[in-house]
Amino acid sequence: MTIAYLPGPSDDVPLYEPWAGEPEVLAEAAAAGRRAAAWIRSLPGPPAPSPVGTWLAVTLPAVVEAATASLDPAQCDRMGPDGRLIEGDAGVDAGTTSTLAVVPCVLSEATWLTPDQHLRLLAVASVITGIARLLADDPGTAILHGQVIRMCGTLDHATRPDTPGLASEIEHAL
């Protein structure tokens with residue numbers, strides 16, 4: 001029997017070179033994630049201990065921090081050696097993405113939170129998922145054109161306790 005080994009990565013593949021301003025953008029994203037996690041932890045708990053209350057107080061803030069701290073533009077969409085598209089994850093693993101995706105479902109059971117708090121939590125999950133997707137799809141554009149920084153500003157706005165309620169802002173706009 002003959003054993004044929006698959007070729008390893010070729011030596012002519014260029015090493016990843018960070019984009020101009022990338023370290024600062026990633027640092028701002030991580031800081032915005034820490035601020036969002038702190039806000040989530042500050043939300044009131046349920047009247048009686050519950051799994052959803054624990055999930056919101058412990059799991060979700062940890063996932064928010066982990067997602068924003070692990071962003072990696074080098075893990076973007078690319079072509080594999082066989083010519084197939086490899087979908088990047090921008091450093092945010094599938095478990096983290098899955099946790100952010102269930103936020104809308106969990107909120108239906110968080111009846112002690114206000115509609116405004118529900119909306120803000122949805123915004124946090126959406127913005128973080130959006131930042132990861134932007135970096136995975138086109139890291140150069142996301143970094144160089146300020147898209148990630150603008151998304152961090154949206155995250156800060158959604159979690160700033162002294163801002164008017166998002167729900168009332170949306171109602172006013174309609």
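Basis for what follows: all heavy atoms, side chains included, without hydrogens, waters or symmetry-related copies. These numbers were taken from a predicted model, which means no experiment stands behind them.
- When side chains are defined from C-beta on, L56 counts as touching L113, because their heavy atoms get closer than 4.5 Å.
- A continuous path of Ile, Leu, Val, Met, Phe, Trp and Tyr side chains, each step under 4.5 Å between heavy atoms, connects L122 with V102, placing both in one hydrophobic cluster.
- Considering every non-hydrogen atom in both A123 and A158, the closest pair reads CB-CB, 3.8 Å.
- The two atoms that bring A69 and A30 nearest to each other are CA-CB, 4.1 Å, heavy atoms only.
- Side-chain contact between L26 and P73: present, with at least one pair of heavy atoms (C-beta onward) separated by less than 4.5 Å.
- Between A20 and L144, the shortest heavy-atom contact is O-CD2, 3.6 Å.
- Residues satisfying the side chain to side chain contact (heavy atoms under 4.5 Å, CB included) criterion with A142, sequence neighbours excluded, are L134, L135, Q147, V148.
- Under the rule for a side chain to side chain contact (heavy atoms under 4.5 Å, CB included), the partners of D72 that lie at least two apart in sequence or sit in another chain are A74, Q75.
- Residues V124 and I40 have side chains in contact (heavy-atom distance under 4.5 Å, counting atoms from C-beta outward).
- Residue L100 comes nearest to A67 through the heavy atom pair CD1-CB, 4.5 Å, listed as atom of the first residue, atom of the second, then distance.
- Contact detail for C152 and A29: the closest heavy-atom pair is SG-CA, 3.5 Å.
- Among pairs with a residue in residues 42-70, those fulfilling side-chain hydrogen bond (donor to acceptor under 3.5 Å, both in side chains) read R41-E65, at least two apart in sequence or across chains.
- Here the CG atom belonging to L71 is positioned 9.5 Å from the CD1 atom belonging to I143, to the nearest 0.5 angstrom.
- No donor-acceptor pair closer than 3.5 Å links the side chain of R160 to the backbone N or O of L155.
- The line from CD1 of I131 to OG1 of T154 is 8.5 Å long, rounded to the nearest 0.5 Å.
- A37 and P61 get closest at one heavy-atom pair: CB-O, 3.4 Å.
- With contacts defined as side-chain heavy-atom distances shorter than 4.5 Å, the pair D156/W39 does not qualify.
- Side-chain atoms of T96 and I128, non-hydrogen and from C-beta on, never get closer than 4.5 Å to each other.
- Residues V52 and W112 are in side-chain contact: their nearest non-hydrogen atoms beyond the backbone lie under 4.5 Å apart.
- None of D138, D77, D89 except one satisfies the salt bridge (charged side-chain N to carboxylate O under 4.0 Å, His left out) rule with R133; the exception is D77.
- For the pair Q117 (side chain) and T114 (backbone), a donor-acceptor distance under 3.5 Å is present.
- Counting only heavy atoms from C-beta outward, the side chains of T159 and R120 never approach each other to under 4.5 Å.
- The CG atom of L43 sits 5.5 Å away from atom CG of L121, with the distance rounded to the nearest 0.5 Å.
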